[in-house]
Protein chains: 2
Amino acid sequence: MTPGTPRPERRGEPLSREIIVRAAVRLLDDAGESGLTFRTLAERLATGPGAIYWHISGKGELLGAASEAVIAGAISAGSAGARPPEAVRTLALGVFDAIDAHPWLGTQLAVNPLRPPMLRFFESIGRQVRALGVAPSAEFTAASALLNYILGVAGQNAANARAVSPTTKRAEFLATTSAAWAELDPDEYPFTRSAADRLRDHDDRAEFLAGLDLVLAGITARLAPPP
Amino acid sequence: MTPGTPRPERRGEPLSREIIVRAAVRLLDDAGESGLTFRTLAERLATGPGAIYWHISGKGELLGAASEAVIAGAISAGSAGARPPEAVRTLALGVFDAIDAHPWLGTQLAVNPLRPPMLRFFESIGRQVRALGVAPSAEFTAASALLNYILGVAGQNAANARAVSPTTKRAEFLATTSAAWAELDPDEYPFTRSAADRLRDHDDRAEFLAGLDLVLAGITARLAPPP
DNA sequence: ACCTGAACACCGTTCAAGT
DNA sequence: ACCTGAACACCGTTCAAGT
């Protein structure tokens, strides 16, 4: 299945920050956060660990650069011209889908947000909040609430991805969790227990959007003027 | 300022899981996540690193147990008898204040939620959602949205705490961030730039509650029947 | 049963030496 | 200027040996 030695990440070209970051993203995708080490990365780049330090200051910058490389593409993808409620959904889905494709990104965003690309994301959210007609005094609160909700989901998805082996399918994971919840004491956990059934055919993406719509509805109801 | 060798964590008593976890919480509070090592912890407990493994299976369990110890007290504290909208605020503030007192907890919750104590938290949130009159088909979505928002804030707070030295005061941090945002290009970042001013006298706790109220308002507006 | 601490297999990072 | 890879100072974890 997994080849012992993946294809080399460069052929002849000199090392560069860009090549290192691209290789780091691939390594993270293949092996998860714990799989990204300077030694393994150097091996894939056919060099020694010290070479990486000429281009990147350390592990923190490496992880940050990998996150930024992935998120930058995801955010700029779908921001073209859409209007308030739908534009927020498109923006948020961009982040959601990027995390779905790169689970390690969820941890990074949840725990280390507002680096430059996420600042652009926050900016985009903020503009949409303005377009909804939210008063200046409340727009920061509204944009923050949206961002916090999105980052919360990011962390959850990352946690779920980390809790199971990378090959486990979504449905299998949900079935396991659902079964575990179904065995909770009904006197102590009436709510969670009754949620077990609904969990079995749970659609993460749809659920994410439904929650986002609740936050949007709250913003509209409390902060946006009636039309 | 900081004493070189803090007081020993036990005097005479035998080691136990409880004593180890208590010492781990104190070490995390004193030195942050990167300060918790088996060697340092063993030193504080006046023993060798191997001794800890007799009681705790590894670092993951140690971090999990420390989180549970702190969060368990915070959650059970204020759940007595309050009614829907206010009870959710009390529950959420319990988590918020626990993270404020123990910043490392924010990372743990954002990235590793729904361990037993957080499951109780989710259960409590869920019951309040029911008490609001949300239909069974929507109650999981509503409770999840509240939890995701709370966990998102948890991650943000942890990130902010980690971004600055432990002694930096809140106001100082906000002033720095505000100054940085004020220097953003007004054409590229009109929203974030205008938020810079408001950030200077920003009250985290009040802002957290305001965002929570937006999610609650969305739940009420969209999912709770009119009275 | 519980503890000890040396030893093992890793890390991230540095740096003299090379090209 | 850029790369190499051995070496350093750590980790988490294991385990033979003690009590």
Side-chain angles (χ1 to χ4, degrees), chain A residues 2 4-6 8-28 30-67 104 107-108 111-112 162-163, chain B residues 2 4-6 8-28 30-67 104 107-108 111-112 162-163:
Chain A
T2 15
T5 317
E9 296 284 343
R10 62 171 178 141
R11 315 179 46 90
E13 321 131 281
L15 223 46
S16 71
R17 196 187 141 92
E18 196 194 330
I19 287 178
I20 291 170
V21 171
R22 184 162 50 223
V25 168
R26 270 204 274 258
L27 184 49
L28 283 162
D30 293 346
E33 302 176 58
S34 66
L36 178 67
T37 72
F38 278 81
R39 272 170 250 269
T40 308
L41 185 59
E43 200 180 343
R44 284 199 176 193
L45 292 165
T47 182
I52 297 168
Y53 282 86
W54 185 261
H55 303 274
I56 299 263
S57 72
K59 184 136 193 194
E61 193 192 329
L62 183 60
L63 267 166
S67 303
W104 50 271
T107 315
Q108 287 302 307
V111 147
N112 220 330
R162 201 166 333 96
Chain B
T2 17
T5 318
E9 296 284 344
R10 62 170 178 142
R11 315 180 47 90
E13 321 130 280
L15 223 47
S16 71
R17 196 186 140 93
E18 196 195 330
I19 286 178
I20 291 170
V21 171
R22 184 163 48 221
V25 168
R26 270 204 273 257
L27 183 49
L28 284 162
D30 292 347
E33 302 176 59
S34 66
L36 178 68
T37 72
F38 278 80
R39 272 170 249 269
T40 309
L41 185 59
E43 200 180 342
R44 284 199 177 193
L45 292 165
T47 181
I52 298 169
Y53 283 86
W54 186 261
H55 303 274
I56 299 264
S57 73
K59 184 136 194 194
E61 193 192 330
L62 183 59
L63 267 165
S67 304
W104 51 270
T107 314
Q108 286 303 307
V111 146
N112 220 330
R162 202 166 333 95

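FYI, side chains are in, hydrogens and waters are out, and symmetry mates aren't considered; it's all heavy atoms of this structure. Chain letters run A, B, ... following the sequence lines, proteins first and then strands; every chain starts at 1.
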Paired with D:dC15: which nucleotide, if any, by Watson-Crick or G-U wobble criteria at under 3.5 Å for both distances?
C:dG5

Could you tell me whether the side chain of B:Val25 reaches within less than 4.5 Å of the side chain of B:Trp104, counting heavy atoms only?
yes

Atom-to-atom span, CD1 of B:Ile52 to P of D:dT14 - whole angstrom:
13 Å

Which nucleotide wins on minimum distance to the side chain of A:Leu15, given the candidates C:dC3, C:dG5, D:dC3?
D:dC3

Measure the distance from CZ on A:Arg39 to P on C:dG12 and round it to the nearest whole Å.
7 Å

Does some side-chain heavy atom of A:Leu27 sit less than 4.5 Å from a side-chain heavy atom of A:Thr37?
no

Among all residues two or more places apart in sequence or in another chain, which pass the salt bridge (charged side-chain N to carboxylate O under 4.0 Å, His left out) test with A:Arg39?
none

B:Glu61 CD to D:dG12 P, in whole Å, measures 15 Å

Rounded to the nearest angstrom, tell me the gap between atom OH in A:Tyr53 and atom P in C:dC11.
12 Å

d(CD1, B:Ile20; C1', C:dC3) in whole Å:
11 Å

When rounded to whole Å, the CD to P distance for the pair B:Glu33 and D:dC11 reads 15 Å

The side chain of A:Trp54 lies closest to which of these nucleotides: D:dA1, C:dC11, C:dT14?
D:dA1

Testing D:dC3, C:dA6, D:dG5 for proximity to the side chain of A:Pro49, the answer is D:dG5

Which nucleotide in C:dG12, D:dC2, D:dT13 has an atom nearest any side-chain atom of B:Lys59:
D:dT13

Separation of B:Leu41 atom CG from D:dG12 atom P, in whole Å?
10 Å

Looking at C:dC3, D:dC3, C:dG12, which one has an atom nearest to any side-chain atom of A:Pro14?
D:dC3

Taking for A:Ala51 and for A:Thr40 the nucleotide of DNA chain C with the nearest heavy atom, the one nearer the 5' end belongs to A:Thr40

Just call it for A:Leu36: base, sugar-phosphate, or nothing, with non-hydrogen atoms closer than 4.0 Å on any strand.
sugar-phosphate

Between P of C:dC2 and CD1 of B:Ile19, the distance in whole Å:
13 Å

Would a 4.5 Å heavy-atom cut-off, applied to side chains only, mark B:Glu33 and B:Leu63 as touching?
no

Sub-4.5 Å side-chain heavy-atom contact between A:His55 and A:Ile19:
no

